[in-house]
Amino acid sequence: MTKIRIFFCERTGNEHYVRNYRCSGGHKTARTAGSRKWSSRKIRCSQCDELAECQSVSSNIEMRRVDTGEIFARPYDLPAGAVYADWDQYGDDDNPHNWTKAPDGEGRRYRVFRPGADGRVLVCVLPDKHHWIIDSRCNNCGSPNDDAHWCWVRHGRPEDGTLHVDKNGLTCSAGAGSIQTSNWHGFLHNGELHT
């Protein structure tokens with residue numbers, strides 16, 4: 001059985017924004033900058049000199065491994081065992097793995113990645129590079145209409161390596177606390193990912 005020790009990562013505060021451009025000739029170009037504010041939404045294509053228009057903007061949020069200081073340009077560069085707190089707690093209304101938020105003042109209901117008891121939504125990078133949102137609803141949730149329980153119950157902290165996930169607490173009937181993706185099946189026990 002292979003074991004991978006977990007470690008905590010945090011945002012550095014640096015974000016790199018990437019603008020993706022396309023010209024009328026179909027050529028694609030990407031440009032990176034340190035802030036959202038850019039002087040122009042159009043550039044000259046380096047291949048045909050036609051004007052290229054911005055098609056999309058994405059951001060890469062720089063992360064730091066707390067125990068070693070190693071820097072990663074974006075969360076998707078983190079290796080297996082990395083745990084970080086997700087800063088975007090709002091999810092897609094159609095995603096069944098999010099939790100239902102009570103109606104707001106206008107009677108609308110929406111979904112969130114519900115924070116755990118420590119006020120954070122934790123994410124763990126699995127051996128297959130899948131980013132598992134520990135505080136989300138599992139695929140086979142035994143109580144899909146109940147927003148009071150947790151599909152996975154967290155204990156300990158990733159910062160000191162004591163993070164442990166199981167079914168010990170207010171939970172549903174799904175499984176035994178394991179995590180299953182299309183390429184990996186295992187557990188997060190006592191600060192380690194293992195099969």
Side-chain angles (χ1 to χ4, degrees), residues 4-99 101 108 110-116 118-139 152 157-159 163 179-184 188 193:
I4 298 171
R5 195 90 192 127
I6 61 124
F7 55 91
F8 190 65
C9 294
E10 63 186 4
R11 293 175 78 167
T12 66
N14 295 328
E15 293 186 52
H16 307 282
Y17 295 90
V18 178
R19 277 198 172 183
N20 299 297
Y21 294 87
R22 182 187 295 245
C23 71
S24 59
H27 302 120
K28 295 179 184 177
T29 305
R31 297 270 171 92
T32 303
S35 76
R36 285 185 190 269
K37 295 180 181 178
W38 295 45
S39 58
S40 173
R41 292 190 48 84
K42 293 186 180 185
I43 62 170
R44 289 273 172 204
C45 177
S46 60
Q47 296 178 42
C48 67
D49 203 39
E50 293 288 324
L51 276 180
E53 189 164 346
C54 179
Q55 301 291 308
S56 65
V57 178
S58 59
S59 66
N60 294 324
I61 298 166
E62 191 176 83
M63 304 290 288
R64 176 189 307 109
R65 184 173 171 164
V66 173
D67 61 347
T68 66
E70 185 177 0
I71 300 290
F72 299 91
R74 58 192 186 131
Y76 289 99
D77 294 334
L78 294 171
V83 175
Y84 61 94
D86 191 357
W87 47 92
D88 181 12
Q89 297 178 8
Y90 296 92
D92 179 356
D93 280 343
D94 297 325
N95 185 342
H97 308 295
N98 298 339
W99 302 92
K101 180 87 171 178
R108 297 174 297 199
Y110 57 96
R111 305 265 183 183
V112 297
F113 293 134
R114 184 176 62 161
D118 60 2
R120 303 183 297 179
V121 174
L122 292 185
V123 181
C124 180
V125 181
L126 302 177
D128 65 354
K129 298 295 275 180
H130 179 87
H131 287 235
W132 165 46
I133 302 170
I134 299 169
D135 299 299
S136 67
R137 192 182 295 275
C138 67
N139 286 333
W152 293 281
R157 296 172 41 84
E159 290 89 341
L163 184 62
I179 311 106
Q180 184 164 0
T181 67
S182 56
N183 297 311
W184 189 79
L188 172 48
L193 289 168

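- What you find for E159 and R120 is that their closest heavy atoms are OE2-NH1, 2.6 Å.
- Here N139 contributes atom CG and Q180 contributes atom CD; the two are 9.0 Å apart, rounded to the nearest 0.5 Å.
- Listed for the R44 side chain is a donor-acceptor partner under 3.5 Å among the backbone atoms of D49.
- Listed here is the closest heavy atom pair of C9 and R65: SG-CA, 3.8 Å.
- The closest side-chain heavy-atom distance from H130 to N183 is not below 4.5 Å.
- The aromatic rings of W152 and W132 sit perpendicular to each other, their planes meeting at more than 60°, with 30° as the lower class boundary.
- Expressed to the nearest 0.5 Å, how far CG of L78 lies from CD of E70 amounts to 9.0 Å.
- Pairing each heavy atom of A85 with each of F8, the nearest pair is N-CE1, 4.1 Å.
- Nearest approach of V83 to P158, heavy atoms of both residues: CG1-CB, 3.7 Å.
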* Determine, step by step, whether E15 and Y17 satisfy the side-chain contact (heavy atoms from CB on, under 4.5 Å) criterion, reporting the C-alpha distance in whole Å, the side-chain angles of both residues, the deciding distance to 0.1 Å, and the verdict. => CA-CA 6 Å; E15 293 186 52; Y17 295 90; 2.9 Å; yes
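- With rounding to the nearest 0.5 angstrom, the OH atom of Y84 is 14.5 Å from the CD atom of E10.
- Residue-environment remark: NZ (K129) exceeds the threshold of 12 foreign heavy atoms within 6.0 Å.
- Put simply, the side chain of V125 does not reach to within 4.5 Å of the side chain of V123, judged on heavy atoms.
- Atom CZ of R74 is separated from atom CE of M63 by 12.5 Å, given to the nearest 0.5 angstrom.
- Exactly one residue among K42, E50, E53 makes a side chain to side chain contact (heavy atoms under 4.5 Å, CB included) with C23. That residue is E50.
- Minimum heavy-atom separation, C124 to L188: SG-CD2, 4.5 Å.
- Taking both residues in full, the closest heavy atoms of P127 and I4 are given as CG-CD1, 3.6 Å, listed atom of the first, atom of the second, then distance.
- Taking OH of Y21 as the reference point, atom NZ of K28 lies at 15.5 Å (rounded to 0.5 Å).
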* **Test side-chain contact (heavy atoms from CB on, under 4.5 Å) applied to I134 and L163, step by step** => CA-CA 11 Å; I134 299 169; L163 184 62; 4.1 Å; yes
* Would F7 and T68 satisfy side-chain contact (heavy atoms from CB on, under 4.5 Å), going step by step from the backbone distance to the final call? -> CA-CA 10 Å; F7 55 91; T68 66; over 6 Å; no
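- Expressed to the nearest 0.5 Å, how far NE2 of H27 lies from CD of Q47 amounts to 4.5 Å.
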